[in-house]
Structures are given as C-alpha cells and as structure tokens.
Number of protein chains: 2
Amino acid sequence: MADSRKERRGSYAKGVAKREEILERALDVIAREGYRGASIKELADAVGLSQAGLLHYFDSKEELFTAILRKRDEIDSAGFGLYQPDGSVSSGDLRAGYLGVIRHNADVPGLVHLFARLSVDASDPDHAAHEFFVSRGQTLREVFAAVITKQQAAGEVTDRIDPDVLARVFQAVADGLQVQWMLEPDVDMAGTIDALFAALDPRSDADRNGARGGEAS
Amino acid sequence: MADSRKERRGSYAKGVAKREEILERALDVIAREGYRGASIKELADAVGLSQAGLLHYFDSKEELFTAILRKRDEIDSAGFGLYQPDGSVSSGDLRAGYLGVIRHNADVPGLVHLFARLSVDASDPDHAAHEFFVSRGQTLREVFAAVITKQQAAGEVTDRIDPDVLARVFQAVADGLQVQWMLEPDVDMAGTIDALFAALDPRSDADRNGARGGEAS
DNA sequence: GTCTATATGTTGATAGAC
DNA sequence: GTCTATCAACATATAGAC
C-alpha cells in the first residue's frame, strides 16, 4: 500500500501528481494498444517520455508495472464496488459487480495480459509485485467469502461447500478464464462465470434459465 | 503432434532418440530444480550440453520449451489416463485421474511455472506454443465434457449447467489454482477442486462429507 | 554431433548536461 | 525534471573448427 517515494521536500506534490498522471496514461495506452514484452522503453514512448525520464518516477521496472496494476485495481474498485476490506459489499452487488469487472476485462486485453504475465513472475518472493498479488488475492477472497456466507444462510448459494474454498474457486476461475480468453478471444468469460453462479444456486431447481455460457471452439 | 525434424537420413533414429533423452532429462531437471528465467544456456548446463549443442536438436527456444511441455503431457496422460482424443475415459477415472494430475503438479513446481509462463506468452498467435495450448485445451475440454454429459445423465453431476461450460470451468479452476499455489505454496489445489466436484454432486444432499478443501490464509 | 567463438540484439539502469 | 549518451549484462542464434 505505501508507495516508495524518493523525493522528500520541494516539488513533492507535483511529483506525486505527475506520477499519477503517468500511471493513468500508461493504463490507457496498455489497455488500448495492448502489451507485448512490456519493456520500459516501449511504455516510455507510449506515454511521451524518454526511458530515463520515466524511470525518474519509479525505482525499477518491476515497481513501475506493479504500480500500474495497483492503479487499475483502484479504478476498478471505485467503478464496480469490490475489494473493500471492510466488506461493505451487498450480496446482490457482488455477483453483478464481479461480472461487471470480468466483462470490462474483455475491453482491455493489454491489461489482462500484463496482469497474467506479472502474476506468474511474481511467484518469486523477491519480485516487487509478490506482496501485491498475495495481499490482493487475500482481500478479494475475504470479501467473496463474507458475501457467500450470507448467501448460503439465505439459501441463495449451495452450502455444500466451504465459503473460503468457494471464494478461492471463483478467483481461480476468473484467472484461468483469462488465460483461455487470451488464447481464444471468442471465449465468453462473463457468461461462463455467470453459468457457474447459476449452477451453484439451489433455487431455480424447477425453472432453469441462465445455465448456459459461451461455447467458443 | 507432428514433430519438426531436421535430419533426413543417416543417424535419423539416433537423433530422435537423443532428442527424447534430452527432453526427459530436461523435464526432470526443471521439475526438481525449478525454472527461473529459463534461458537455453541454463537448461543446456543442466542437461550437460553446450547451448549450441542443445539448439542442434531444436529450432528455437520457443520450440524447445514447447516440446518439453508436450513431453510432460505425454507422460502424464500415460500415467493418469487423460487427454485421449478417443474419449476412452470412464466417469470415475476422470475425477480420480484429474485429481491425480493436480496432486502430482505440487511435486513439480518448475513445470507448473514453465506451463503458466508459456501459456501467457503463447497468447501471441505467432508464438511457437500457440497451437499447442489451443488444441491442448480443446482436447482436454472435449474429454471432460463427454464424461460430464454421462455423469449428468446418471445423476452424479448437476445438470444445471452445460457440459461444455462446466468443462471450461474445470480447466480454468485448475489453471487459476496453479497461479495461487505458485504465489502461496500452502494452497491445496487438489482439495479445492475436489470440493468443487462435491458441491456439484446432487447426491450427498443428506450426508455431507467431502465439502472442505484446503484453506491456506 | 558437439564444441568454441561470435554476431547481433535488447534490456534495465546510471551519469551527467541542460 | 527531462533529456542524451552510455553501460554492463545477458539473451538467442549462427558459423565454423574438430
């Protein structure tokens, strides 16, 4: 959470503001133009800075790309109402919000690619993004598990599985579907997840409706 | 499936044999000692060849690592009875076999890492492993969907979801759990998947038993 | 068939001018 | 604060000796 800032005094505020501006611009560029290789130079060109100019704001390449993903989460959280540690997400909003994020992902292939790539690299405990991914996953699952627990009590989700485990499953499905989607863009990520939600809903035993997702290939 | 062979005559068989030997050795080394960066040189050292010597058997780095994963699948298929295109997998064997593979993965972290990394890189249609991953996924899902269809008819799996979609879900869960596991080795991949199997089993409504998986953090 | 040597390229990061 | 110039480190791939 705590950003690593180098400047101590003077143009402190300006530096932070510019940093944020860079992140937003980078986010936009990566989302639209995609992400391949992700060298600092490539990104620097895209945001209109030299490579050294860009590295003035970030200590290293890893830190830079981690900051970009952090920023992405920040924006998505605000837009879809997820990830809050206080668990202030209502049951109905979770499913809708989660599906909203997934659906949105299909519009930002470059970010999906960056996320997937970095999450693999970050398995190294020394990687700058390691902590980010670990704690991001924990928070995400906590929010999910809390809502699932409530939904199970209300009979909206099968209680045949532990909430923590199911939360982990949903995280895994989302991540795994992204890989499938990157390989075959016809894959319907949101539809597939929605179908899983439906399959785990004990109601709708008689009337079956949303049981179908996409079936590319 | 068709290997790209360079040599036409002469020591043809010998070359292929050596190639296989290299792959097996590489598989073993990566599985045990892990995989970081995965340069050709690193692998060459591990298998007791110079970098150039290793590249004598493979056209490029991408092709080499693709061949390694192909070999891994080959061995796993034989050992656990999966991936056969003819769908000769019995219902009971699928769940057991799949869990067997997942459980085995926890013993070969380097291979899991290589697989995850390459599957992301292979999203580029020009990547040498692109075709491999696409067709691997298709075959895997076909086998799964066929078995699920039978199980649904037998009332062993909920019919509240389309078999093709559920097959995709299982693939996604497995891939996604691998990422979680690489980040946090305490994650119980097999246990989580088994819990999902159980949650989707309409039987065991009264007696609930295997509904719990691992809950690391 | 395997090696050494090398061509060629790219990367992340730093030094220093402005 | 941003640039140009430069660095060392490493990668893949190839040429050619043995």
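So you know, we letter chains A, B, ... as the sequences are listed, proteins then strands, and number each from 1.
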Exercise. To the nearest angstrom, how far is B:Leu43 atom CG from D:dT12 atom C1'?
Worked result: 14 Å
For this session: From the options C:dT4, C:dG12, C:dG1, select the nucleotide whose nearest atom is closest to the side chain of B:Ser50.
Result: C:dT4
Exercise. Atom CG of A:Leu55 to atom P of D:dG1: distance rounded to whole Å?
Worked result: 15 Å
Seminar exercise, completed: Rounded to whole Å, CD of A:Gln51 lies from P of C:dT14 at a distance of 11 Å
Seminar exercise, completed: Whole-Å distance, B:Lys61 NZ to D:dA11 P, equals 9 Å
Seminar exercise, completed: To the nearest angstrom, the CD-P distance between B:Glu63 and D:dT12 comes to 14 Å
Exercise. So which of A:Thr192, A:Leu196, A:Ile193 actually passes side chain to side chain contact (heavy atoms under 4.5 Å, CB included) with B:Val165?
Worked result: A:Thr192
Problem set entry | Separation of atom NZ in A:Lys41 from atom C1' in D:dT4, rounded to whole Å | 13 Å
Problem set entry | Ring geometry between A:Phe197 and A:Phe144 (parallel below 30°, tilted from 30 to 60°, perpendicular above 60°) | parallel
Problem set entry | Under-4.0 Å salt bridge between B:Arg141 and B:Asp164 | no
For this session: Please state how far atom CD1 in B:Ile40 lies from atom P in C:dT10, giving the value in whole angstrom units.
Result: 17 Å
For this session: Taking only Lys NZ, Arg NE, NH1 and NH2, and the carboxylate oxygens of Asp or Glu, determine whether B:Glu63 and B:Arg19 approach each other closer than 4.0 Å.
Result: yes
Exercise. Rounding to a whole Å, what distance do you find between A:His56:NE2 and C:dT14:P?
Worked result: 14 Å
Exercise. If you check every side-chain atom of B:Ala52, which of C:dG12, C:dT2, C:dC3 has the closest atom?
Worked result: C:dC3
